[in-house]
Engineer: 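Here you go, one structure.
The structure presented is a predicted model; accordingly, all values stated were derived computationally and were not measured.
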Amino acid sequence: MTNGKLKGICPIIATPFTSDGRVDYDSFQNLVKVLAEGGCPGMALFGIAGEYYKLTDEEAGKLALMTVDICRKYNTKSIISVTQHATEVAVERAKRYQDMGADFLMVLPPYFLKPDASALNRHIRAVGQAVSVPVIAQYAPEQTGVAIAPTVFAELLRNVPNICYFKIECKPAGGYISAMLREMDQSASVFVGNAGYQFIEGFDRGATGAMPGCSMFDIYLKMYNEYVSGNRTAAQDTHNQYILPILNHIRQNVEMIILYEKRILKRRGIIATDYCRCPSFALDPYYDKLFDEHYERIAPLMKHHHH
């Protein structure tokens, strides 16, 4: 296990592509480096915002190795998500990522044919038991279509002690976080998902970290630092003034936020293009105009680079 608990802002790494749709490994390395140097205590590969479902196995393996190597160099924790739909395959993949040197694993429960809650529970448990690194169980009922009671996760933690982190992104998540922490005698660590929409509430209820997209990581870090240093009002102002208005526009569906996150990264000089593999979000001039207005407001809070 790692020393101390992982907490704070651990963003989901985007997967940059060239304008002809190949993985842009140079931009990827630059992005991981910027996140590490920028003060993120950890970062996650193959989150839903990372377009993992559009990658070949070979590409995914290469990105995983790069992530582990760069994170180790910068003393940042690497979190690699196991997204395979078959339990047997997920277990093998988890072992492989652990062998590569991943500090943490995350498990997205299989959802393609909507297995029931007990099958999902067995899947997460099997992955956790196959490795010794800490595991983050992702509760994403919007994606999986399956509800899991907090008691089920509490049971999981009791039986498999390294499954001690939970990324909670049900809607609404607040009551679930409170119920889960009560069930677990506060021993689990909760990460806020869902782009940090309910960031302040999640932390008020006992979350200790968040896993938003990576493009505005510095604004999330500012908000987190304000909150943990006891300045909740400042954190709330940062959330209300900067995070919520742009999220409200760009997060109307998942492909939309993936595209605009990349556009922010490109504008910041961190990646070379904002290309998304198809199918991707269909833009129009008005969406772009609104995005530009929001971007102007948040730009002063973010460092810009020359890529």
Side-chain angles (χ1 to χ4, degrees), residues 9-38 40 42-74 76-85 90 93 96-97 100-108 111 136 138 140 143 167 169 193-195 211-217 220 250-251 253-283 305 307:
I9 305 301
C10 298
I12 304 297
I13 309 166
T15 305
F17 298 109
T18 60
S19 46
D20 58 357
R22 285 169 301 129
V23 175
D24 180 350
Y25 293 105
D26 288 344
S27 284
F28 181 83
Q29 284 178 295
N30 194 55
L31 170 57
V32 174
K33 194 168 133 259
V34 166
L35 295 174
E37 287 179 332
C40 296
M43 61 189 86
L45 184 66
F46 309 139
I48 290 170
E51 288 178 279
Y52 73 84
Y53 44 90
K54 297 179 183 177
L55 298 170
T56 68
D57 276 355
E58 193 186 350
E59 289 166 341
K62 199 168 162 183
L63 291 171
L65 268 175
M66 277 182 174
T67 303
V68 168
D69 288 348
I70 301 169
C71 284
R72 182 171 296 144
K73 198 170 126 191
Y74 286 92
T76 297
K77 300 299 179 197
S78 55
I79 305 160
I80 302 192
S81 189
V82 176
T83 60
Q84 284 64 33
H85 286 268
R93 197 58 64 103
R96 192 198 311 174
Y97 293 149
M100 270 183 197
D103 296 305
F104 289 76
L105 297 176
M106 184 155 73
V107 187
L108 177 68
Y111 54 87
I136 305 169
Q138 187 171 2
Q143 282 72 33
K167 181 185 183 190
E169 35 198 356
N194 193 25
M211 295 181 120
C214 62
S215 69
M216 301 180 281
F217 73 93
Y220 285 98
I250 68 176
R251 204 177 177 282
N253 81 22
V254 181
E255 289 285 6
M256 186 176 186
I257 193 169
I258 288 170
L259 174 69
Y260 279 118
E261 287 253 12
K262 284 185 169 179
R263 178 148 310 173
I264 294 170
L265 290 167
K266 182 187 170 184
R267 291 233 174 137
R268 296 184 62 180
I270 299 171
I271 65 175
T273 81
D274 57 11
Y275 185 88
C276 298
R277 280 186 174 166
C278 302
S280 62
F281 183 72
L283 287 171
H305 304 256
H307 179 46

Engineer: Closer than 3.5 angstrom, by distance alone: can the side chain of K54 be matched with the main-chain N or O of R277 as a donor-acceptor pair?
Structural biologist: yes
Engineer: May I ask you to test the R263-I271 pair for a side-chain heavy-atom distance under 4.5 Å?
Structural biologist: no
Engineer: Looking at R268 and H305, would you say the former's side chain and the latter's main chain have a donor-acceptor pair under 3.5 Å?
Structural biologist: no
Engineer: Are any of the side-chain nitrogens in D57 or R93 under 4.0 Å away from the carboxylate oxygens of its partner?
Structural biologist: yes
Engineer: Any side-chain to backbone donor/acceptor pair from S81 onto T83? Under 3.5 Å, distance only.
Structural biologist: no
Engineer: If I compare all heavy atoms of M211 with all of A44, which pair ends up nearest, and what's the gap?
Structural biologist: CE-CB, 3.8 Å
Engineer: Return the minimal non-hydrogen interatomic distance between I270 and N30, and the atom names on each side.
Structural biologist: O-ND2, 2.9 Å
Engineer: Start with the C-alpha distance between L45 and L63, add both sets of side-chain angles, then the distance that settles side chain to side chain contact (heavy atoms under 4.5 Å, CB included), and finish with yes or no.
Structural biologist: CA-CA 8 Å; L45 184 66; L63 291 171; 4.1 Å; yes
Engineer: Tell me, do V107 and Q138 make a side-chain contact under 4.5 Å, heavy atoms counted?
Structural biologist: no
Engineer: Could you pull out all residues at least two apart from N194 that satisfy side-chain contact (heavy atoms from CB on, under 4.5 Å)?
Structural biologist: E169, K171, Y197, Q198, R251
Engineer: What closest approach, in Å, do G61 and M100 show between heavy atoms, and which atom pair accounts for it?
Structural biologist: O-CE, 3.8 Å
Engineer: Roughly how far apart are Q84 CD and F46 CZ, rounded to 0.5 Å?
Structural biologist: 8.5 Å
Engineer: For residues T76 and A36, report the shortest heavy-atom separation together with the two atoms involved.
Structural biologist: OG1-CB, 3.5 Å
Engineer: Given K167, which partner from the list I136, I79, L108 fulfils the side-chain contact (heavy atoms from CB on, under 4.5 Å) test?
Structural biologist: I136
Engineer: For the backbone of T56 and the side chain of E59, can you confirm whether one donor and one acceptor N or O come within less than 3.5 Å of each other?
Structural biologist: yes
